[in-house]
Amino acid sequence: MAGTFTFMWSAEDGIDLHSRAAEVIRAQVESCALSLYGADAVYPGAEEAALDADIRSSTNCVRPYHRPLRSGYAFRGTIHAHLVSVESTDTSISAHVCETRTGRARLDPDNPHLDGLPEFDVLDGTAGIRIVAQKPADVADTRADAVRIAQPGTGNREPRYNVFHPWVFPPFVLPTTKPPAGNLTSDPICESWVAQALNRVPAFAGQNPFYPDGRLRFLTPKALGPEGFPTLPQYPLWPEP
């Protein structure tokens with residue numbers, strides 16, 4: 001069980017979160033956050049959308065884990081994500097995404113000493129991500145002209161249809177050397193964005209996550225559980241099939 005957490009998306013000016021390219025990218029990011037919980041948790045079509053990865057040198061977060069996390073690793077709260085850029089052609093999509101999981105807390109009522117604690121003490125859950133999707137030129141995208149905006153009073157936390165097809169995601173190549181210590185956010189755009197995003201997390205609102213020299217601060221949650229890490233409404237909602 002993944003828990004009750006949601007996703008809240010924003011985007012740079014001029015980017016339509018409901019475009020087909022943005023929809024594919026949102027599905028990838030959201031389903032990747034669920035892949036640790038196995039095939040029953042990921043979005044429909046995720047397994048087919050993950051191109052094979054050599055586990056020795058690459059990984060593909062879209063593919064559900066064959067050994068899902070055991071119970072006790074569920075979360076409440078909200079993952080915040082921001083679409084910085086997206087470019088698409090008939091056969092490719094390339095996007096730059098900022099994501100932070102610092103708005104989630106443990107959901108573990110069987111272990112009161114863990115229930116409600118933040119997922120991350122610092123911004124280890126924040127990253128700038130570059131995502132690539134591709135599809136064959138001779139395969140039509142049946143959702144290219146679909147209605148992608150949930151009508152008022154409708155919509156779901158997750159898609160109930162294969163949102164990926166016919167798009168697939170190549171594996172990520174794993175680094176061969178240990179990255180340098182320091183800020184795990186990968187670019188200034190995401191650093192600036194996450195400072196704003198944390199103000200939407202009551203536990204960390206008003207706290208600057210960076211020192212003037214760019215080093216990460218240790219953040220002290222001002223509240224735990226649902227008070228500090230509320231589960232905000234999913235945005236955008238996924239429309240009915």
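Only a predicted model underlies this, so the values are computations on that prediction, with no experimental measurement involved. We count residues from 1, following the sequence as given.
- Judged by distance alone, with hydrogens and angles left aside, the side-chain atoms of R157 form a donor-acceptor pair with the main-chain N or O of F5 at under 3.5 Å.
- Residues D141 and R20 are paired through a salt bridge, judged by an N-O separation under 4.0 Å between the basic side chain and the carboxylate.
- Between Q207 and L198, the closest side-chain pair of non-hydrogen atoms is not below 4.5 Å.
- Side-chain N or O atoms of S35 include none that pairs as donor or acceptor with a backbone N or O of P64 at under 3.5 Å.
- Here the side chain of E12 pairs no donor or acceptor atom with the backbone of V84 at under 3.5 angstrom.
- Annotation: the span from I129 atom CD1 to H96 atom NE2 amounts to 8.5 Å, rounded to 0.5 Å.
- Across all their heavy atoms, L17 and P236 have their closest contact at CB-CG, 4.2 Å.
- In this structure, the separation between CZ on R63 and CD on E48 is 9.0 Å, given to the nearest 0.5 Å.
- Rounding to the nearest 0.5 Å places OG of S10 at 5.5 Å from CZ of R200.
- Residues V201 and F229 come closest through the heavy atom pair CG1-CD2, 4.0 Å.
- Between the side chain of T154 and the main chain of P239, no donor-acceptor pair closer than 3.5 Å is present.
- Side chains of V163 and V24 form no contact here, defined as non-hydrogen atoms less than 4.5 Å apart.
- The closest side-chain heavy-atom distance from C61 to Q28 is below 4.5 Å.
- Using a distance-only test at 3.5 Å, with no hydrogens or angles considered, a donor-acceptor pair links the side chain of R148 to the main chain of R143.
- The two residues C190 and V97 make their nearest non-hydrogen contact at SG-O, 4.1 Å.
- Looking only at distances, no side-chain donor or acceptor of R104 sits under 3.5 Å from a matching main-chain atom of T100.
- Around the CG atom of D213, the shell of radius 6.0 Å holds more than 12 heavy atoms that belong to other residues, nucleotides or ligands.
- The backbone N or O of A39 sits nowhere less than 3.5 Å from a side-chain atom of E47 that would complete a donor-acceptor pair.
- Of the possible polar contacts, one joining the T6 side chain to the L232 backbone as a donor-acceptor pair under 3.5 Å is found.
- Relative ring orientation between Y43 and F164 is described as tilted, the plane-to-plane angle lying within the 30° to 60° band.
- Looking only at side-chain heavy atoms (C-beta outward), L51 and Q134 come within less than 4.5 Å of each other.
- Interatomic distance, F75 CZ to Y37 OH, rounded to the nearest 0.5 Å: 4.5 Å.
- Checking each of E30, Q234, H80 against W9 for a side-chain hydrogen bond (donor to acceptor under 3.5 Å, both in side chains) leaves exactly one that passes, namely E30.
- Sorted by first and then second residue, the salt bridge (Lys or Arg N to Asp or Glu O under 4.0 Å) pairs involving residues 220-241 (not counting sequence neighbours) form an empty list.
- Panel note: side chain N199, backbone A205; no donor-acceptor pair is recorded below 3.5 Å.
- Under the 3.5 Å distance criterion, the side-chain polar atoms of D108 are left unmatched by any main-chain donor or acceptor of D115.
- Looking at heavy atoms from C-beta onward, F210 lies out of side-chain contact with S192 at the 4.5 angstrom threshold.
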